[in-house]
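Taking it in order: structure first as structure tokens, then the write-up.
Given the structure is predicted, the values throughout are model-derived calculations rather than measurements.
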Amino acid sequence: EPSPPTLPPPASPAPETEEEVPEFLEWSLDSVKMLNHDCIRMIMTCAQIDFLDRQQEDAGEIWHIDILKENADGTELKREYTPVSNKADYKAGNLDLMVKIYPGGKM
């Protein structure tokens, strides 16, 4: 006697997909303080904390962030900065940068 046909297991529901972490997040500039003749301190916050927590972790204690500037003509300028704040502050949506200002600088 032939055996009954076997059926594949029922399909499991598709997992809910998380929104993909964008390459750049929007940060608000809360304050700028002049530290000396060519150096400023910038305090920034990010409202997209859920994305910050899902960003890939880099190894080590020294880390950097990329800042993207959109120019009026539609071009973009990207620069790397090493924050004064720590990674825990960053993951909480707070960023503290000390930036040297260059005369005629593009950023």
Side-chain angles (χ1 to χ4, degrees):
E1 214 173 286
S3 59
T6 57
L7 299 174
S12 57
E16 289 187 29
T17 58
E18 290 188 60
E19 191 175 350
E20 188 174 323
V21 177
E23 184 178 0
F24 289 92
L25 301 176
E26 281 194 42
W27 290 75
S28 299
L29 182 60
D30 297 334
S31 68
V32 177
K33 179 181 178 184
M34 202 71 177
L35 298 176
N36 61 30
H37 69 284
D38 68 352
C39 193
I40 61 173
R41 178 181 178 190
M42 299 170 57
I43 307 291
M44 305 169 77
T45 54
C46 181
Q48 299 168 297
I49 295 174
D50 56 326
F51 287 124
L52 293 173
D53 195 41
R54 294 186 331 194
Q55 286 181 325
Q56 183 177 352
E57 286 288 329
D58 292 332
E61 290 301 313
I62 298 179
W63 56 292
H64 75 275
I65 55 135
D66 292 327
I67 292 191
L68 181 69
K69 175 186 175 189
E70 296 181 37
N71 297 312
D73 65 1
T75 60
E76 296 178 341
L77 178 66
K78 182 171 86 169
R79 294 285 189 265
E80 293 181 354
Y81 294 92
T82 302
V84 177
S85 50
N86 60 39
K87 288 183 187 179
D89 291 335
Y90 176 81
K91 294 285 186 181
N94 302 303
L95 190 58
D96 190 348
L97 297 175
M98 189 172 3
V99 178
K100 182 172 180 172
I101 305 299
Y102 292 94
K106 295 180 180 179
M107 196 55 107

Identify every side-chain donor-acceptor pair in residues 97-107 under 3.5 Å, counting partners at least two apart or on other chains, and give the distances.
none

Pairs of donor and acceptor atoms involving the side chains of residues 74-81, under 3.5 Å and at least two apart or interchain, shall be tabulated with distances.
| from | atom 1 | to | atom 2 | distance (Å) |
| --- | --- | --- | --- | --- |
| T75 | OG1 | N71 | ND2 | 2.9 |
| T75 | OG1 | D73 | OD1 | 2.6 |

Spatial distance of atom [atom1] ([X]) from atom [atom2] ([Y]) [nearest 0.5 Å]:
X	Y	atom1	atom2	answer
L95	L25	CG	CG	11.0 Å
I67	M44	CD1	CE	5.0 Å
K87	D89	NZ	CG	12.5 Å

Pairs under 3.5 angstrom only: tabulate donor-acceptor contacts from the side chains of residues 26-34 to other protein residues two or more places apart or in another chain.
| from | atom 1 | to | atom 2 | distance (Å) |
| --- | --- | --- | --- | --- |
| D30 | OD1 | T45 | OG1 | 3.4 |
| D30 | OD2 | T45 | OG1 | 3.1 |

Q: Could you check if a side-chain atom of I65 sits within less than 4.5 angstrom of a side-chain atom of P83, using non-hydrogen atoms only?
A: yes

Q. By side chain to side chain donor-acceptor pair (under 3.5 Å), which residues pair with D96, not counting sequence neighbours?
A.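 Listed in chain order: R41.
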
